[in-house]
2 protein chains.
Amino acid sequence: MTVTLADVAARARVSPATVSRVLNGNYPVAASTRERVLRAVDDLDYVLNGPASSLAAATSDLVGILVNDIADPFFGIMAGAAQTEIGGPGDGSGRAGGEKLAVVCNTGGSPERELTYLTLLQRQRAAAVVLTGGAVEDPAHQAAVSAKLAKLADAGTRVVLCGRPPLPDGEAVVAALAFDNRGGGRRLTEHLLSLGHRRIGYVAGPLERTTTRHRLEGHREAMRAAGLVGDEERLTVHGPYDRRSGYDATLELLRREPEVTAVVAANDTVALGASAAIRDRGLRIPEDISVAGFDDLPFSVDAVPALTTVRLPLFEAGARAGRLAMGKETPPPGGIATIAAELMVRGSTAPPRV
Amino acid sequence: MTVTLADVAARARVSPATVSRVLNGNYPVAASTRERVLRAVDDLDYVLNGPASSLAAATSDLVGILVNDIADPFFGIMAGAAQTEIGGPGDGSGRAGGEKLAVVCNTGGSPERELTYLTLLQRQRAAAVVLTGGAVEDPAHQAAVSAKLAKLADAGTRVVLCGRPPLPDGEAVVAALAFDNRGGGRRLTEHLLSLGHRRIGYVAGPLERTTTRHRLEGHREAMRAAGLVGDEERLTVHGPYDRRSGYDATLELLRREPEVTAVVAANDTVALGASAAIRDRGLRIPEDISVAGFDDLPFSVDAVPALTTVRLPLFEAGARAGRLAMGKETPPPGGIATIAAELMVRGSTAPPRV
DNA sequence: TCTCGGATAGAAAGCGCTTGCTACAGCTGT
DNA sequence: ACAGCTGTAGCAAGCGCTTTCTATCCGAGA
């Protein structure tokens with residue numbers, strides 16, 4: 001049936017121990033012996049039994065990357081970058097060793113699924129786990145996640161957060177890379193204010209998520225600094241991070257306050273939906289209404305007009321998270337790094353009509 | 001240290017065998033005993049050792065989903081849908097059992113990485129593997145993949161292809177869901193021809209990929225049927241499936257043949273780049289040049305003007321692939337199903353100027 | 001020539017779980 | 001009252017690999 005280490009050993013006329021050592025390259029083996037073993041491996045088309053190996057060695061080469069929505073490039077870009085660094089196959093390096101199996105797990109934004117995936121990864125004795133994207137703010141869930149991560153950590157799993165705020169008690173985590181969502185949100189709205197906008201609608205993400213909250217807080221900070229208070233609730237509509245939601249929410253916004261001169265969206269995808277809604281209402285962008293997004297996903301520059309947004313270095317952050325997970329990079333001081341968000345002013349924002 | 005089955009058994013005052021059976025629910029256990037065991041599991045915060053379990057049971061709950069580019073929603077959507085069906089956590093069903101760990105592996109379109117991931121999954125004794133997206137057409141690689149899949153298959157792994165043409169010798173595979181790229185490509189170009197276009201440029205995907213070839217063949221079929229031959233090479237530019245490539249290739253196309261009245265892109269992302277290039281040349285869409293894409297990704301309807309494209313039911317196909325991988329759905333006759341591609345006519349195509 | 005130490009290879013004891021088989025109740029039917 | 005069930009639980013043998021400890025072989029130093 002399946003070829004085992006013993007079969008290889010027999011064919012190479014050595015002991016199983018020797019084959020194992022050749023394969024792991026962590027023990028001196030005479031060149032001639034190694035050669036013989038390698039040939040046998042080849043001849044028999046031998047493939048190591050992962051579970052057996054993990055069991056005996058008490059380690060595994062699985063690395064999990066958790067994302068909220070795999071169909072969203074926001075996560076795809078980070079996950080892809082991380083996976084590249086984690087190496088999976090062909091990281092060019094010498095030989096085996098770095099051969100980690102980087103896998104991405106799609107939680108769909110559901111807390112339960114997030115937890116279950118963590119358990120599954122714990123089962124597999126994952127070498128590392130990278131959590132991407134904003135966290136759900138339910139205290140019970142946060143506690144559960146923290147507890148889980150702590151358990152993972154002291155089972156030897158390296159935990160890295162990417163684009164997610166640090167844990168209350170950061171102990172369990174190798175590093176946390178947090179995006180400056182609040183600062184980005186603030187600068188974006190400041191930009192709009194400086195253009196002369198005063199009635200600014202905000203299409204927010206789902207409630208109870210750190211990303212949503214931070215971006216919104218940045219926005220309100222700027223509004224408040226400009227002395228614009230009182231209308232927060234009326235000019236904010238919440239919804240999921242998708243196009244449809246942006247469309248619907250913007251329609252609602254226009255209903256509540258026909259005089260808005262600018263709409264800020266929770267992210268670029270939502271901004272796309274918002275733009276569509278504005279156009280369907282017969283309004284022009286940016287002449288009648290300015291629109292702004294967040295993230296600077298690849299398609300944003302191709303919107304017409306090109307979308308003003310806040311650029312997050314998703315690829316770089318993902319790659320860095322990958323390296324941290326692999327221990328290829330030393331964690332930032334305190335284990336926490338804030339990733340800057342850069343305002344990208346493009347054609348979708350302009351001064352309001354007078 | 002870590003809690004083992006034996007610890008749980010001791011605490012519940014039963015044998016390890018019983019604990020195992022309670023956990024797996026595949027053997028009658030008296031309700032009272034089960035209760036006691038479950039409590040012990042809870043008290044001790046026990047987590048099954050995956051590798052040990054897989055080793056002993058000679059199976060694993062890993063399901064691999066291979067994608068070419070995780071940052072591309074084309075793959076993200078399919079992968080997400082598949083993962084949903086595979087259940088991973090919380091598929092709502094009764095209890096454990098369907099608890100598979102669906103993981104997506106990003107090959108980056110590299111044949112070697114594809115192969116390495118397959119080996120890694122083979123190592124892990126994956127329960128199933130779903131390969132998505134077009135295949136590389138290098139014969140050596142195809143042979144290698146086929147061989148690998150055969151090996152996986154007779155190690156008990158269920159192999160499903162999604163959006164990828166069937167293997168030459170389909171034996172190894174549970175099912176192959178192939179997109180009708182050729183038919184879609186043909187209908188798209190027929191649409192353009194029927195509008196009156198004659199000089200149609202084609203921005204193709206990378207060489208040596210089935211998807212690229214099939215879509216291009218469909219296009220040329222239509223052209224030929226309209227009696228338009230001879231200019232194929234000049235009016236075709238190849239490049240990767242990304243925006244940048246679409247931009248550059250379109251510029252090149254306009255250089256080669258300033259009189260093109262329509263540009264067909266290999267996919268929607270490329271079409272976005274093409275549109276940008278056309279605009280940067282000071283031309284209008286669709287008045288001066290029509291543009292069409294392929295896939296109908298979510299953002300395509302939001303392009304301005306909305307993009308004419310070919311809709312591929314990515315979500316449905318991914319979900320079906322997931323179900324097939326789990327054995328929740330019976331394979332199509334012959335193991336092969338062709339997924340229809342539907343022409344979506346929108347604002348980016350119009351009759352050429354006279 | 002004899003001893004010692006370095007370099008390799010082998011023996012064997014697990015790693016933590018699953019599962020075929022056996023053991024033992026408590027019933028039923030005769 | 002006894003054989004024969006059915007329903008539960010335990011025993012123990014692995015699953016295929018890693019790794020510690022031990023054995024061996026050689027050349028080198030004395």
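The basis for the numbers below is simple: all heavy atoms, side chains too, and nothing from hydrogens, waters or symmetry mates. So you know, we letter chains A, B, ... as the sequences are listed, proteins then strands, and number each from 1.
Under the 3.5 Å distance criterion, the side-chain polar atoms of B/T210 are matched with a main-chain donor or acceptor of B/A135. Checking side-chain atoms of B/T157 against main-chain N and O of B/A126 turns up a donor-acceptor pair under 3.5 Å.
With a 4.5 Å cut-off on side-chain heavy atoms, B/I65 and B/I86 count as touching.
Taken residue by residue, residues 45-57 of chain B places heavy atoms nearer than 4.0 Å to DNA chain D at B/L55, B/A56. Residues of residues 25-42 of chain B that place a heavy atom closer than 4.0 Å to DNA chain D, in numerical order, are B/Y27, B/P28, B/V29, B/A30, B/T33.
By the side-chain hydrogen bond (donor to acceptor under 3.5 Å, both in side chains) test, B/R320 is found to be paired with B/E329, residues two or more places apart in sequence or in another chain being considered. Partners of A/A325 according to the side chain to side chain contact (heavy atoms under 4.5 Å, CB included) rule, which considers only residues two or more places apart in sequence or in another chain, are A/A128, A/V130, A/V160. Contacts of A/N68 classified as side-chain hydrogen bond (donor to acceptor under 3.5 Å, both in side chains), with partners at least two apart in sequence or in another chain: A/T107. Looking at residues two or more places apart in sequence or on another chain, you find a side chain to side chain contact (heavy atoms under 4.5 Å, CB included) between A/A30 and A/S32, A/T33. With sequence neighbours left out, B/S15 forms a side-chain hydrogen bond (donor to acceptor under 3.5 Å, both in side chains) with B/T18. With sequence neighbours excluded, the residues that form a side chain to side chain contact (heavy atoms under 4.5 Å, CB included) with B/A150 are B/A172. Every residue two or more places apart in sequence or in another chain was checked for a salt bridge (Lys or Arg N to Asp or Glu O under 4.0 Å) with B/R125, and none qualifies.
Taking the 5' to 3' direction, DNA chain C first and last meets chain B under 4.0 angstrom from a heavy atom at C/dG16 to C/dC21.
One end of the helix from C/dT1-D/dA30 to C/dT30-D/dA1 points its axis 50° away from the other end's axis, with each axis taken from 5 pairs and the angle rounded to 10°.
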Which pairs of donor and acceptor atoms, one on a side chain in residues 36-52 of chain A, lie under 3.5 Å apart (sequence neighbours left out)?
| residue | atom | partner | partner atom | Å |
| --- | --- | --- | --- | --- |
| A/R36 | NH1 | A/A12 | O | 2.5 |
| A/D43 | OD2 | A/R11 | NH1 | 2.5 |
| A/D45 | OD2 | B/K151 | NZ | 2.7 |
| A/N49 | OD1 | A/A52 | N | 3.0 |

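Other residues, nucleotides and ligands contribute only 12 or fewer heavy atoms inside 6.0 Å of the CD atom of A/E35.
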